[in-house]
Every structure is written in C-alpha cells, then in structure tokens.
Amino acid sequence: MPRASQQTPILDDPKLWAERIVGGERAALARAITLVESKRPDHRRAAQQLLTALLPHTGAARRIGITGVPGVGKSTFIEAFGLMLIEAGHKVAVLAVDPSSGRTGGSILGDKTRMAQLSVNPGAYIRPSPAAGTLGGVAAKTRESMLLCEAAGFDVILIETVGVGQSETVVSEMVDFFLVLMLPGAGDELQGIKKGVLELADMIAVNKADGDNQKGARAAASHYRAALHITQPVGETWTPPVLLCSGLAGEGLSEIWQQINAHRDHLEEEGTFEAKRNAQQIRWMNSLLTDRLTGLIEEDDTLLAEKQRLEAALIAGETTPASAVEELMDALQASLRRSS
Ligand code: GDP
C-alpha cells in the first residue's frame, strides 16, 4: 500500500480502508472499531459504508459468547483457550459487552493486563467493551466490531460478558454458541446465578476443576446436569453438555472446543445454522428500528413532554396504554410532517 493512501482519512475513503482491513492491517482494524464506536453522525455514516463494503468478508468465524460471575476465571480461561486455538492455527479476537464499563469502572476490562500473554500474541486481537451506554447501544457496537474482526481474518470471536442486567441474553443473540462458566461446589450456586442463564447455555463448563476443587467440581456438574434437564425447552435437539475445566491448568479446553464444533455440525446437519444467524440479523434490525423510533420521541422535547404527560395520565387512570400510544403516534406523525 503506498504511503500516501495510508494517510487517507478513514472518513474520506471507507473502501480503501476496507481493503486495508481485509489485508490484515491491525492499525486499520483498530481505527475502524473506533469509528464504529463513535456517536458522530458523519462517523456513523462512514462506519456503515465501511461495514457494507466488508460484508462479503464477514460471517465465516466461530462466534462464541462466554459468561460467568466475576472471579469465575473468565480472563484466565480466555487467555488459555485463545492461546490453544492460536497454536492450532486460528486467529482469535476477544471482544466484550459490559454496559457498566467506562467512567464507573466496569467489571470487564477486556484489557491487556487481564490477558497478558494473549494480548501480545500476533494471532490475537483484544478489544475492551465500548464505553458505558445503554446495553443495546454497547451491544450494537460490539456486534459491528465483530464483523470488522471477521473481515480482518479472525476466525474465532470470543465475546465476554458478565451478568449485568440482560447482557447475557443480548450476547447470546449475537453468537453461534453460548458458554456459561460456573464455579465448583454444588448447592448454593444456582441461587447465585440467574436461572434464565441456564436456558441460554449451549454448554456449561465448571471451571477451576483443579487441585482440591475437583470433588466440588464434579458435584456441581451433576447439579447443573439435573438443572438443565428441567430447564431444557421442549423440541430442543441439542442437550447442552456439562464439562469440567481449568483455565489455570489448561485442562478440559480441547474438549470444550470439540463440543463447540460438534454443536456447529449439529446445527448444519439439522439445517438450522443459517436460520439461526438469519433470525439474529432480523432481530438485530428490529431492535435498531425500535431504538430509532424511541429515539425520535425521546430526543424531541415536545414529544418527550407529550410522552410524559401520557404516562402521568395512564397512572391516573385517565387513559389506556393503547390510546396513549395512538395519541403519541399522532403527535409523532405531525412532528415528522412539520420537519419534512
Ligand atoms: P474473571 O473475573 O472471571 O475474569 O476471573 P479471573 O480470570 O480474573 O480469575 C479470578 C481468580 O481466580 C484469580 O485469582 C485466578 O488466578 C483464579 N483462577 C482463574 N482460573 C482458575 C482455575 O482454573 N483454577 C483455579 N484454581 N483458580 C483460577
């Protein structure tokens, strides 16, 4: 690539930057993710042009979500798992969804200090969670960053999250496989985790199954097997395996990778892999649309005041939710007519 073109700003020539990303230039990837994370309207437009140019190069990666309470060993696990995959010839990107990150200091940093070896490995790319915002906003940016990483040739994308609000659900909606890490010890754990998480899991791995923890890890595994048996939805054809592993000792990691591949084969054989990704795309579009429509109301002072008035009327028993929405839609349409 000639020097002059390397200095072309990303806003001026998204197509050129798309080529640089596909060519595997890390600096171009980092710059593109920063663009995707920006709120400026001109940045948003350029980011969409860039993503559109890159679409043909996306979709080939294994997309894996990883969750677990703080201290379960996520970063230790991701470091060991990532290094194992790189050793086997893969390129691994690690992204995070943590809506509590940013000013308040989140629980996921996704940063270099947590994954010291992986972060300096040329086969890995680690990017912390986009700064605090709404969960939907943070997730949308991570989703777009995932596409950029795929275009840059990363064939395994690990998306880490902690159980903040609905973050697990949101991450499970952008990946092919959702891995839940649990702690050894049976009995109390189920109370510490949200029951809904078991329904999202494609696999549970009881981590830290090393040294004195091994007995407790086996007990926890039987516990979760029984719990999954109860929560498994009718008609579901994949029974989430419950495995033991130790990120610290590097044990059980290749079995986890085998199961991730078995799950993919299962979906392909069943003919549901494409359908799953397509449904995710449609739900993503719909959630962007909902955010956009809500934004039209909440970012307009008059409409916001009208919405608040209707909320008060609703509580006072003067209107119904459906009539309130009718009135608000009339006000929105009038506002759109005025501005067009
Ligand atoms: P995270 O908060 O989920 O990212 O957890 P960390 O990876 O930072 O680990 C939390 C603590 O658990 C650290 O003190 C780690 O050394 C320890 N730890 C992580 N993985 C393992 C493991 O596989 N076995 C044992 N025994 N300890 C671990």
Side-chain angles (χ1 to χ4, degrees), residues 64-87 92-102 104-121 124-130 132 138 142 156-165 167-168 170-172 175 177-186 188-194 197-198 200-201 203-221 223-224 241-257 259-260:
I64 302 162
I66 299 178
T67 193
V69 295
V72 73
K74 289 181 298 302
S75 47
T76 310
F77 174 88
I78 290 172
E79 165 131 308
F81 192 61
L83 290 170
M84 177 192 82
L85 294 175
I86 291 168
E87 184 77 14
V92 180
V94 181
L95 307 173
V97 170
D98 181 4
S100 67
S101 75
T104 52
S107 30
I108 291 185
L109 300 167
D111 67 4
K112 322 258 166 190
T113 53
R114 289 176 74 232
M115 299 164 201
Q117 287 187 56
L118 196 61
S119 64
V120 294
N121 192 300
Y125 182 78
I126 300 181
R127 182 86 179 188
S129 178
V138 168
T142 301
V156 178
I157 315 279
L158 304 177
I159 304 184
E160 181 187 5
T161 192
V162 282
V164 181
S167 67
E168 286 123 336
V170 166
V171 169
S172 74
V175 296
F177 190 92
F178 196 63
L179 169 62
V180 178
L181 295 181
M182 295 286 191
L183 288 168
D188 297 332
E189 285 70 30
L190 273 181
Q191 288 157 40
I193 60 137
K194 289 181 271 173
V197 170
L198 290 184
L200 302 175
M203 180 201 293
I204 289 179
V206 180
N207 193 26
K208 305 196 183 183
D210 46 42
D212 293 345
N213 292 331
Q214 292 186 48
K215 194 161 163 240
R218 277 196 296 276
H223 202 72
Y224 292 124
V242 180
L243 304 184
L244 303 185
C245 71
S246 165
L248 203 59
E251 284 164 12
L253 306 182
S254 56
E255 287 77 4
I256 290 178
W257 181 239
Q259 285 297 326
I260 291 172

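None of these values were measured; they are calculated from a predicted model. When a ligand or atom number is given, it counts from 1 through the structure's own listing order.
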Novice: Is there a donor-acceptor pair closer than 3.5 Å between any side-chain N or O of Thr161 and the backbone N or O of Val97?
Specialist: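 Present.
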Novice: I want to know if ligand 1 touches Ala249 in the polar sense, i.e. an N/O pair below 3.5 angstrom.
Specialist: no
Novice: Have a look at Glu79, Lys208, Met115, Glu160 and point out the one with the heavy atom closest to atom 21 (C) of ligand 1.
Specialist: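 The nearest heavy atom belongs to Lys208.
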Novice: Kindly determine whether Trp257 and Ile64 satisfy side chain to side chain contact (heavy atoms under 4.5 Å, CB included), including the steps that lead there.
Specialist: CA-CA 10 Å; Trp257 181 239; Ile64 302 162; 3.9 Å; yes
Novice: Please check this pair: side chain of Lys208 against backbone of Met182, looking for a donor-acceptor N/O pair closer than 3.5 Å.
Specialist: no
Novice: In ligand 1, which numbered atoms sit nearer than 4.0 Å to a non-hydrogen atom of Asn207?
Specialist: 23 (O)
Novice: Are the side chain of Asp210 and the backbone of Ala249 linked by a donor-acceptor contact shorter than 3.5 Å?
Specialist: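 No, Asp210 side chain to Ala249 backbone: no donor-acceptor pair under 3.5 Å.
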Novice: Does Asn207 reach the main-chain N or O of Gly247 with its side chain, forming a donor-acceptor pair under 3.5 Å?
Specialist: yes
Novice: Would a distance-only check, ignoring hydrogens and angles, find a side-chain to backbone donor-acceptor pair under 3.5 Å from Ser75 to Met115?
Specialist: no
Novice: If you count the atoms of ligand 1 from 1 in the order shown, which ones are under 4.0 Å from a heavy atom of Gly247?
Specialist: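 Numbered from 1, ligand 1 contributes 23 (O).
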Novice: Any donor and acceptor pair, going by atom type alone, linking the side chain of Glu160 with main-chain N or O of Ala96 inside 3.5 Å?
Specialist: no
Novice: Which of these, Asp212, Asp210, Ile66, has its nearest heavy atom closest to atom 25 (C) of ligand 1?
Specialist: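 Looking at heavy atoms only, Asp210 sits closest to atom 25 (C) of ligand 1.
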Novice: Which of the numbered atoms in ligand 1 are under 4.0 angstrom from any heavy atom belonging to Pro70?
Specialist: 2 (O)
Novice: Does any N or O atom in Leu248 lie less than 3.5 angstrom from one in ligand 1, N or O only?
Specialist: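 It does: an N or O of Leu248 is found under 3.5 Å from an N or O of ligand 1.
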Novice: Give the numbers and elements of all ligand 1 atoms closer than 4.0 Å to a heavy atom of Lys74.
Specialist: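 Heavy-atom distances to Lys74 below 4.0 Å select 1 (P), 3 (O), 4 (O), 5 (O), 7 (O).
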Novice: Would you mind listing which atoms of ligand 1 come within a distance below 4.0 Å of any non-hydrogen atom of Thr76?
Specialist: 6 (P), 7 (O), 9 (O), 19 (C), 20 (N)
